[in-house]
Amino acid sequence: MVVPRVQEAIAQAFGEEYRETDPVVRPSQFADIQVNAAMALAKKVGLPPRDAAARIVEALELGGMCTAVEISGPGFINLTFDGTWIEELLNVQAGSAQASQPQGGPETQAQRVVVDYSSPNVAKEMHVGHLRTTVVGDSLVRVLEALGHTVIRQNHIGDWGTPFGMLIEHWLEIGEDSPEAALLVEDPSAFYQAARAKFDGDPDFATRARLRVVSLQSADEETLDVWQRLVDHSKLYFNAIYAKLGVSLEDDHIAGESSYDPHLAQLCQELEERGLARISEGALCTFPAGFTGREGEPLPLIIRKSDGGYGYATTDLATIRYRVHELHADRILYVVGAPQNVHLRMVMASAREAGWLPDAVEATHVQIGNVLGDDGKILKSRSGTPVKLMALLEEAVDRARAVVDSSRPDLSAEERAATARQVGIGAVKYADLSVGHDTEYVFDFDRMLALSGNTGPYVQYAAARIRSIVRKAGEAAVAGMVAAAGAAGEPRAAAVIAVVEPAERALALHLLEYGATLRRVGELLEPHRLCGYLFELAQLFTSFYDQCPVLKAEDSVRESRLALCALVLHRLSEGLDLLGIETPANM
């Protein structure tokens with residue numbers, strides 16, 4: 001809304017090289033907003049801050065947006081918006097059928113974006129460590145799609161390699177119809193541990209397992225058939241987790257390690273023939289520029305091990321080549337744990353040197369920080385093992401159910417169950433998304449489920465409260481709502497919104513920042529910015545409702561405020577939907 005105009009003024013005042021300068025827009029106690037860019041620009045352009053601010057104001061084209069533009073203090077630019085301008089924009093949002101379709105803006109070009117996220121392992125339990133990559137990745141794909149980009153989901157599951165000899169041999173021994181085989185869906189860790197115990201304790205089994213790896217890599221028909229059944233059973237488990245979480249991953253999005261196995265030998269050969277890889281201590285390695293060890297020696301990226309096997313680096317190089325040349329990606333996002341940063345940067349650098357990742361294609365590691373327990377260490381169960389994700393989600397729902405049963409006994413059992421699921425799962429996802437994805441956070445059910453502070457239940461409650469207001473307004477008010485349903489399916493108001501009171505004005509201005517917030521999330525890949533926006537929107541609505549009577553207001557004012565409520569509800573519901581969080585009908 002304001003940022004592009006300020007950036008244009010900065011470019012006009014100081015040159016194109018300063019166009020991308022952050023305008024540093026902040027709330028102001030003396031106006032609607034404050035632009036603080038002059039403070040940071042002053043040294044760069046060789047002017048006192050007030051003089052730099054004056055140059056910006058002189059070039060600023062606001063086109064009827066403001067009634068006052070003032071420079072205060074050492075160089076703050078205070079902008080007071082025109083009330084009519086605010087109302088016009090707000091009513092366009094409220095009445096337009098496109099209001100539910102956030103646009104990337106005129107300066108945004110639609111891209112093909114490949115997003116690699118979740119990526120669990122076949123025959124292994126998804127634990128709390130998988131929560132963040134799954135939840136953050138799913139929110140990013142939702143936002144990018146809402147901004148008009150074509151998004152290709154890639155669930156790069158671990159479905160290949162030496163452990164499968166052990167797993168396949170165990171499967172053949174117990175039989176597909178055995179209770180032990182059913183553990184693949186019900187308790188994958190138990191299935192895996194049983195196979196591992198045999199491998200470690202029975203030399204004959206270990207020998208057969210190693211031979212089974214050879215059969216798998218040689219495409220033996222029986223072995224491949226069993227391998228496929230292992231994968232299919234694990235898919236049932238993955239899908240149960242995804243359904244519980246409400247994420248948008250499906251079987252069609254799976255592109256596991258096995259997908260690239262037929263191409264790895266040729267990939268290594270090509271790198272070697274082009275002089276980009278050489279043998280080092282028996283292994284074939286690339287040495288991408290800029291990566292060195294502790295003593296300054298070039299750091300190797302092993303693409304073929306000394307025993308002839310392939311590792312993650314080989315597969316990851318193959319995925320980049322495939323995503324660029326076959327999926328035609330303009331942008332590739334890896335929503336992967338932070339410890340993989342050096343590995344991924346080396347893979348990307350090697351791919352660029354090979355020409356498989358051209359400069360025109362952006363590849364980004366969206367680093368995911370750890371989930372911690374209250375002891376400040378990585379969250380684990382009492383036995384010291386990673387916390388199972390399904391168990392954690394079920395506990396969240398159970399805790400939410402206890403609260404809902406206590407606070408809303410008037411609801412039916414079915415309604416309480418639905419609300420508990422929405423609140424419990426939403427609380428876990430919001431807590432994860434509301435902090436920077438590359439930072440750690442402490443997992444705390446009490447804080448997550450609180451109805452105060454920057455939590456999922458607080459934002460959900462604001463939406464449920466507005467729904468209650470609309471219901472109380474009666475049929476006449478509901479009839480005035482236009483069911484121009486957007487992504488969240490919420491009604492919007494046909495009445496004209498008038499912005500008169502300060503609380504209305506503050507709420508209106510924040511509503512107008514919705515599109516800019518989404519674009520910022522899409523650019524910076526930071527869902528916590530959307531959480532912060534929704535939390536502030538819920539706070540501003542609470543202040544508005546406390547200060548501006550809605551149901552008891554005079555007719556025209558009542559209609560205007562109901563219309564404003566409807567737009568807030570729509571934005572809250574839509575924003576939560578982009579986070580992958582449902583909005584309960586009752587709380």
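What you see below is based on every heavy atom in this structure, not just the backbone, and it leaves out hydrogens, waters and symmetry mates. The shown structure was predicted, so the numbers you read here are calculated from the model rather than taken from an experiment.
- With 3.5 Å as the limit, one finds no donor-acceptor pair spanning the side chains of Asp82 and Thr67.
- When all heavy atoms of Phe544 and Cys565 are compared, the closest pair comes out as CE2-SG, 3.9 Å.
- A donor-acceptor pair is defined here as one N or O able to donate and one able to accept, closer than 3.5 Å; such a pair exists between the side chain of Thr21 and the backbone of Tyr18.
- For the pair Glu250/Asn155, no side-chain contact is recorded, criterion being any heavy-atom separation below 4.5 Å from C-beta on.
- Inter-residue side-chain proximity for Phe81 and Leu509 is flagged as met; some heavy-atom pair is nearer than 4.5 Å.
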Residues Thr419, Asn586; criterion side chain to side chain donor-acceptor pair (under 3.5 Å); working and verdict: CA-CA 7 Å; Thr419 300; Asn586 297 284; 5.7 Å; no
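- Taking each heavy atom of Pro288 and Leu301 in turn, the nearest pair found is CD-CB, 4.5 Å.
- Atom CD of Glu513 and atom CD1 of Ile33 lie 7.5 Å apart (nearest 0.5 Å).
- Within the 3.5 Å criterion, the main-chain N or O of Thr517 finds no donor-acceptor partner in the side chain of Arg529.
- Side-chain contact check for Leu572 versus Phe541: every heavy-atom pair is 4.5 Å or farther apart.
- Salt bridge present: Asp116 and Arg323 bring a charged side-chain N and a carboxylate O closer than 4.0 Å.
- Between the side chains of Thr364 and Arg331, no donor N or O sits under 3.5 Å from an acceptor N or O.
- A heavy-atom distance below 4.5 Å is found between the side chains of Leu333 and Leu525.
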Verdict with reasoning, Tyr430 to Gln460, per side chain to side chain donor-acceptor pair (under 3.5 Å): CA-CA 10 Å; Tyr430 190 95; Gln460 288 175 317; over 6 Å; no
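- From Arg447, atom CZ reaches atom OH of Tyr441 across 8.0 Å, with rounding to the nearest 0.5 Å.
- Screening residues 333-371 for ring-ring contact (aromatic ring centres under 6.0 Å, His included) gives no qualifying pairs among residues at least two apart or on separate chains.
- Classification of the Tyr458-Phe535 ring pair by plane angle, with boundaries at 30° and 60°, yields perpendicular.
- The main-chain N or O of Val500 is found under 3.5 Å from a side-chain atom of Glu504 such that the two form a donor-acceptor pair.
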Steps toward side-chain contact (heavy atoms from CB on, under 4.5 Å) verdict (Ile77, Leu79): CA-CA 7 Å; Ile77 302 171; Leu79 303 181; 4.0 Å; yes
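- Side-chain contact, Asn454 with Ser434: no donor N or O sits under 3.5 Å from an acceptor N or O.
- Under the side chain to side chain contact (heavy atoms under 4.5 Å, CB included) rule, Arg352 has a single partner from Asp359, Ile320, Val347, which is Asp359.
- Remark: side-chain polar atoms of His130 are not paired, donor with acceptor, to backbone N or O of Leu389 under 3.5 angstrom.
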Salt bridge (Lys or Arg N to Asp or Glu O under 4.0 Å) evaluation trace for Asp252 with Arg153: CA-CA 9 Å; Asp252 289 346; Arg153 295 160 172 80; over 6 Å; no
Stepwise side-chain contact (heavy atoms from CB on, under 4.5 Å) check, Ile469 with Arg471: CA-CA 5 Å; Ile469 293 168; Arg471 285 194 296 268; over 6 Å; no
Derivation of the side-chain contact (heavy atoms from CB on, under 4.5 Å) call for Thr80 and Glu70: CA-CA 9 Å; Thr80 301; Glu70 297 177 344; over 6 Å; no
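- Residue-environment remark: CD (Glu17) exceeds the threshold of 12 foreign heavy atoms within 6.0 Å.
- Between Phe76 and Met39, some side-chain heavy-atom pair lies under the 4.5 Å cut-off.
- With contacts defined as side-chain heavy-atom distances shorter than 4.5 Å, the pair His528/Leu433 does not qualify.
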Ser573 vs Leu569, side-chain contact (heavy atoms from CB on, under 4.5 Å): CA-CA, chis, key distance, verdict: CA-CA 6 Å; Ser573 299; Leu569 173 59; 3.7 Å; yes
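- Just one of Ile581, Leu393, Val136 meets the side chain to side chain contact (heavy atoms under 4.5 Å, CB included) condition when paired with Lys429; it is Ile581.
- Across all non-hydrogen atoms, the minimal contact from Gly75 to Arg50 is N-CG, 3.9 Å.
- The distance from atom CZ of Phe291 to atom OG of Ser350, rounded to the nearest 0.5 Å, is 8.0 Å.
- With hydrogens and angles ignored, the 3.5 Å screen pairs a side-chain donor or acceptor of Arg467 with a backbone N or O of Pro584.
- With His510 contributing its side chain and Tyr533 its backbone, the two residues share a donor-acceptor pair below 3.5 Å.
- Proximity of a side-chain donor or acceptor of Asp330 to a complementary backbone N or O of Val361 within less than 3.5 Å is not detected.
- How far CZ of Arg112 is from NE2 of His328: 6.5 Å, rounded to the nearest 0.5 Å.
- No donor-acceptor pair closer than 3.5 Å links the side chain of Thr134 to the backbone N or O of Tyr242.
- Ring geometry for Phe445 versus Phe443: interplanar angle over 60°, hence perpendicular rather than tilted (30 to 60°).
- Of all the heavy atoms in Ala329 and Val114, the pair that sits closest is CB-CG2, 3.6 Å.
- With rounding to the nearest 0.5 Å, the separation of NE2 in His570 from CG in Leu511 is 11.0 Å.
- Here Glu58 does not pair with Arg55 in a salt bridge; the nearest charged N to carboxylate O distance is not below 4.0 Å.
- Between Asp138 and Arg142 a salt bridge is recorded (basic side-chain N to carboxylate O distance below 4.0 Å).
- Residue Tyr312 qualifies as open at atom OH: its count of foreign heavy atoms under 6.0 Å is 12 or below.
- Of all non-hydrogen atoms in Gln109 and His149, the two that sit nearest each other are O-CE1, 3.4 Å.
- Of all non-hydrogen atoms in Pro457 and Met448, the two that sit nearest each other are CD-O, 3.2 Å.
- Between Arg421 and Glu582 there is a salt bridge, with a side-chain nitrogen of the basic residue lying less than 4.0 Å from a carboxylate oxygen of the acidic one.
- If you take CG on Leu530 and CG on Leu576, they are separated by 8.0 Å, rounding to the nearest 0.5 Å.
- Ion pair Arg5/Glu8 not flagged as a salt bridge, since none of the NZ, NE, NH1 or NH2 atoms sits closer than 4.0 Å to an Asp/Glu carboxylate oxygen.
- Two residues are said to be in side-chain contact when any heavy atoms from C-beta on lie closer than 4.5 Å; Val141 and Tyr117 meet this criterion.
- Side chain of Asn91 to main chain of Glu87: a donor-acceptor pair is present (N/O by atom type, distance under 3.5 Å, no hydrogens or angles).
- The closest side-chain heavy-atom distance from Leu245 to Leu131 is below 4.5 Å.
- The backbone N or O of Leu551 lies less than 3.5 Å from a partner atom in the side chain of Arg558, making a donor-acceptor pair.
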